[in-house]
Amino acid sequence: MPDYKDKVNSQNGNKDKKFSRVYPATDGDDVVISGMAGKFPNCHNIDEYEYKLYNKIDMIDDDERRWRHFHPEIPKRSGKIYDLEKFDATFFGVHFKQSHTMDPQTRMLIEIAYEAVIDAGVNPKSLRGTKTGVYIGACISESEKTWFYEKVSSGGFGITGCSRAMLPNRISYSLGLEGPSFLLDTACSSSMYALDNAFTAFRNGEIDAAIIGASNLCLHPFVTLQFARLGVLAPDGYCRPFDQNASGYTRSETISCLFLQRKRDANRVYASVVYSKTNCDGYKPEGITYPSGKLQEKLLSEFYQEIDVCPEDLGYLEAHSTGTRAGDPEECCAIDNVLCSQRSTPLLVGSVKSNIGHAEPASGVSSLAKACFAFETGKIAPNINFTEIKSEISALAEGRLIVVKDITNLEKPYIGVSSFGFGGANAHALLKAFDKTKINHGVPDDDIPRLITWAGRTEESVNVILDSIQGKPLDAEFISLLHNIQNEDVTGLVFRGYGIFAKDGNTSAKCLARDVHHYSGIKRPIVWVFSGMGSQWTEMGSSLMAIPKFRESIERCQKVLESKGLNLIEILTSTDATIFDNILHSFVGIAAIQIGLVDLLRSLNIEPDYIIGHSVGELWCGYADDAFTPEQMILAAYYRGKVSLDIEKIKGSMAAIGMGYKKIVNMLPEKIEVACHNSAESCTISGPAEDVEKFVNELKSRGIFAKEVPCSNIAYHSRYIAHMGPQLLKYLKKIIPNPKPRSSKWLSSSVPESDWHQEGRNLCSAEYHTNNLLNSVLFEETFALLPNNALTIEIAPHGLLQAILKRSMVNGVHIPLTQRSNKTNDVFFL
């Protein structure tokens, strides 16, 4: 096949002509860095790394947590990461015997790769079976000596634990990735070679995503002693790139990974990878480890000839510069000859090795992360340990190169990154800032609180995410990213929590509520419970109207009721305490709230396994069961209220009693009936007002709970309203001309279970709902048919049935969606 360069040149019609790209691509084909994670010297994570870079904190120290300072040739200062002894073997499917004989680099790379995918806003589960490549740079495994030659484990676990092939392969195995997976060892340029291989695989169409990374752990003092005797280490342990007093580098540890995707697939973009290129010094008379400025110059020259970005466009160059006596001058000369010669302004340079030391194979990925920080913040992190320009480097002395020693604005959207191996393997990459401007820190225009749910392996891990939202502006884009990560369940995340956050101007997000619990793993059946009359209250819809989906549902119902002369929104939001003296307002108001809540739950993909209603709550069941349209449901509620107003009836009353049907049935006076079988310890009676009042007083005198309840003087669910039936039936037949069957989810509380399958009684029909009005509510009997560990969600303006639900199902979890007189029911709902 022809080379891509030849292909593009021939398309341009001139083989010698400078071409714009080395491969044909649309903007969506761009390769982008979408996720980052890592452990850096004295930094638990990449956030600490960024903080210490920008605050000029030296991440190198002289503590003895790796080995005692026993040898005079080994510098005391080095860069060391935390938590080598920790690994969540169970979560990543590693046998405990294997985890104890595994190179710590492998263990930590698995975790860091997972974190990088998470950081990209991607659920790692979604990558299983995909063409995601894994490209890991590493050189020396300093734990091989132990597991290969000193403690030979049974079962050959030492081989599978310390083979360097396992560094990438274990990541592919744990995450189920089926793209290329291999190790690269070009010494100090290994991670940049990993980037180059991934970039090439992207443009060749071999992969859809990639994890690139590298690791370096300094576990055995004799390895460091070898480097000291090679003459590349600074005796005092200070790495001073570009500085007159530079005397070598400081060895350092880092384990870091980046997640790469095509731009069209990415949820977040730190930077675009414009181009990557490598070459090798080949033979050098000075020796294999001596850097070749000539070949570095050749690499840079060819690189910028092959793309449509000229050296003038560079805002900053992250150099390889290690502070060695030979390396810095050779590199700076190459930069000067190729880049500075084509610029009208000085080029800003720096090297992260001043801050963290030289992480050898992981140094390149550390530099890439630093470049991404610069794009995110618009500021270049400063070098430290820089006091005086190295005078023999003319580009520095004459001001063509300027070392960034304080936080400096990034004026142009391109950053070059160089990395050179001590065997002569050179690499250079160009990154570009994402061209989307983040408006107002992502703070939304609306005032709607945001609900964030998160699951983790520990309580702390959940709180880390919730804490990351607080203390910064409420960023709707970041919250969307978090939602995307846990769209699908991830097995093994045993702590689950939530936070509700609201914006506080453009400053910090304020937390309105949060909680974290251990998750038992029990999958509870979901029951939607619709309560009836009595849950209404003034302004019951006001705060919920702030939620767009809810408002949309209410406005749809409003249009239906306009022809009936009702203003639904006024009913739901009015401050008039007498608004619900009109029972018609109560019926349509409760129905509208329940329609809105059902629509909200469904927008969150929360569907019931069972549906049950109490009294008129069965009317709302019709909508939840998809047997009614919203228009049918709101009209059915309207006509139930209209019949209650229009038909003459006796002055009736109803009362809640602290006894179940079975206990009270033989105590009832002749004129009183049990209207509602609520639970074994509760029922509602119905009858003429005088008789109910007299019986209530009698029960109270005997120490039995009894209380009359508002019912607009209508003795519902009794023989006293039988004459309302024909008129309601007439109205309902008009709006339900073709009744639909009730699904198996809907457990009837107005028809005995033995009659559920009788013809007509299995329909959501006019007859069914007329029967509901006239006959007793069999809630106790029907509720007993539910699984005893259900999650009940009460859908009503107020959780009217909570006490009954909790007593009737002690092993269940019972949630009301709203609360009477709560001025922030939008937050209560969340």
Side-chain angles (χ1 to χ4, degrees), residues 442-454 466-467 469-476 478-480 482-483 497-517 528-531 534-555 557-558 568-577 579-580 585-586 589-604 606 791-803 805 813-830:
V443 176
D445 294 331
D446 59 73
D447 293 317
I448 304 169
R450 262 53 178 186
L451 168 67
I452 294 92
T453 57
W454 193 259
L466 299 180
D467 289 342
I469 298 162
Q470 219 166 336
K472 296 186 293 190
L474 184 71
D475 187 340
F478 179 56
I479 290 169
S480 177
L482 294 178
H483 286 170
Y498 73 89
I500 300 170
F501 299 88
K503 69 180 184 183
D504 188 8
N506 294 336
T507 56
S508 301
K510 58 182 177 183
C511 182
L512 305 178
R514 64 186 280 182
D515 204 0
V516 182
H517 287 281
W528 284 2
V529 181
F530 293 90
S531 47
S535 60
Q536 66 272 21
W537 52 278
T538 306
E539 295 184 88
M540 63 187 184
S542 293
S543 54
L544 289 172
M545 292 288 279
I547 304 174
K549 185 68 181 175
F550 184 87
R551 173 175 279 277
E552 181 185 310
S553 299
I554 298 303
E555 287 174 347
C557 295
Q558 164 102 344
L568 177 62
I569 293 177
E570 184 180 335
I571 291 169
L572 297 181
T573 60
S574 173
T575 58
D576 182 0
I579 191 78
F580 293 117
H585 292 169
S586 298
I590 295 171
I593 293 284
Q594 290 175 320
I595 289 171
L597 292 175
V598 166
D599 290 346
L600 266 182
L601 291 175
R602 287 199 158 136
S603 73
L604 297 169
I606 299 172
L791 166 64
T792 69
I793 302 175
E794 186 173 356
I795 302 174
H798 171 69
L800 196 65
L801 300 176
Q802 286 300 297
L805 298 178
V813 173
H814 309 288
I815 300 173
L817 294 182
T818 48
Q819 186 179 54
R820 191 186 306 277
S821 300
N822 192 317
K823 298 297 184 181
T824 56
N825 260 328
D826 51 345
V827 177
F828 189 91
F829 170 83
L830 293 175

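Quick caveat: nothing in here was measured; it's all calculated off a predicted structure.
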Please give me the minimum heavy-atom distance between [X] and [Y], naming the atom from each residue.
{"X": "Gln536", "Y": "Ser586", "value": "NE2-OG, 3.3 Å"}
{"X": "Ile448", "Y": "Pro548", "value": "CD1-CD, 3.2 Å"}
{"X": "Leu568", "Y": "Ile554", "value": "CD2-O, 3.8 Å"}
{"X": "Trp528", "Y": "Ile606", "value": "CZ2-O, 3.1 Å"}
{"X": "Gly499", "Y": "Arg514", "value": "CA-CB, 3.9 Å"}
{"X": "Trp537", "Y": "Gln819", "value": "CZ2-O, 3.3 Å"}

Taking [Y]'s backbone N and O only, do any of them form a donor-acceptor pair with [X]'s side chain (distance below 3.5 Å, no angle check)?
{"X": "His798", "Y": "Arg820", "result": "yes"}
{"X": "Ser480", "Y": "Ala476", "result": "no"}
{"X": "Glu555", "Y": "Ser553", "result": "no"}
{"X": "Thr818", "Y": "Pro797", "result": "yes"}
{"X": "Lys503", "Y": "Asp446", "result": "yes"}
{"X": "Glu794", "Y": "Leu800", "result": "yes"}

First locate atom [atom1] of [X], then atom [atom2] of [Y], and finally report the distance between them rounded to the nearest 0.5 Å.
{"X": "Met540", "Y": "Met545", "atom1": "CE", "atom2": "CE", "result": "11.5 Å"}
{"X": "Leu830", "Y": "Leu512", "atom1": "CG", "atom2": "CG", "result": "9.0 Å"}
{"X": "Leu466", "Y": "Trp454", "atom1": "CG", "atom2": "CH2", "result": "9.5 Å"}
{"X": "Glu552", "Y": "Leu600", "atom1": "CD", "atom2": "CG", "result": "10.0 Å"}
{"X": "Asp475", "Y": "Ile469", "atom1": "CG", "atom2": "CD1", "result": "10.0 Å"}
{"X": "Phe829", "Y": "Ile547", "atom1": "CZ", "atom2": "CD1", "result": "6.0 Å"}

Would you say [X] and [Y] make side-chain contact, with heavy atoms under 4.5 Å?
{"X": "Phe501", "Y": "Lys510", "value": "no"}
{"X": "Ser574", "Y": "Thr538", "value": "no"}
{"X": "Phe580", "Y": "Ile571", "value": "yes"}
{"X": "Val529", "Y": "Ile793", "value": "no"}
{"X": "Pro444", "Y": "Leu474", "value": "yes"}
{"X": "Tyr498", "Y": "Val516", "value": "no"}

Please report, to 0.1 Å, the donor-acceptor pairs under 3.5 Å made by any side chain of residues 589-596, with sequence neighbours excluded.
from: Gln594; atom 1: OE1; to: Trp620; atom 2: NE1; distance (Å): 2.3
from: Gln594; atom 1: NE2; to: Ser531; atom 2: O; distance (Å): 3.3
from: Gln594; atom 1: NE2; to: Ile795; atom 2: O; distance (Å): 2.6

Using side-chain hydrogen bond (donor to acceptor under 3.5 Å, both in side chains) as the criterion, list what pairs up with His483, not counting sequence neighbours.
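So His483 forms no side-chain hydrogen bond (donor to acceptor under 3.5 Å, both in side chains) with any residue.
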
Can His814 and Thr792 be counted as having a side-chain donor-acceptor contact under 3.5 angstrom?
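Indeed, the side chains of His814 and Thr792 share at least one donor-acceptor pair under 3.5 Å.
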
Between Asp826 and Thr824, is any side-chain donor less than 3.5 angstrom from a side-chain acceptor?
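Judged by distance alone, the side chains do not pair up.
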
Determine, for Arg551 against Asp599, whether the closest basic-nitrogen to carboxylate-oxygen distance falls under 4.0 angstrom.
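Not counted as a salt bridge, because no side-chain N and carboxylate O are separated by less than 4.0 Å.
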
Set out, in order, the CA-CA distance, both residues' side-chain angles and the distance that settles side-chain contact (heavy atoms from CB on, under 4.5 Å) for Arg450 and Ile500, then state yes or no.
CA-CA 5 Å; Arg450 262 53 178 186; Ile500 300 170; over 6 Å; no

Stepwise side-chain contact (heavy atoms from CB on, under 4.5 Å) check, Leu451 with Ile479:
CA-CA 9 Å; Leu451 168 67; Ile479 290 169; over 6 Å; no

Evaluate the side-chain contact (heavy atoms from CB on, under 4.5 Å) criterion for residues Phe530 and Leu801: first the C-alpha distance (whole Å), next the side-chain angles of each, then the deciding distance (0.1 Å), finally the verdict.
CA-CA 9 Å; Phe530 293 90; Leu801 300 176; over 6 Å; no

Test: Lys823 cationic atom under 6.0 Å from Phe828 six-membered ring centre, within 45° of axis
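The answer is no, since Lys823 fails at least one limit relative to Phe828.
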
Pair Thr573-Glu539, side-chain contact (heavy atoms from CB on, under 4.5 Å): steps then yes or no:
CA-CA 4 Å; Thr573 60; Glu539 295 184 88; 5.8 Å; no

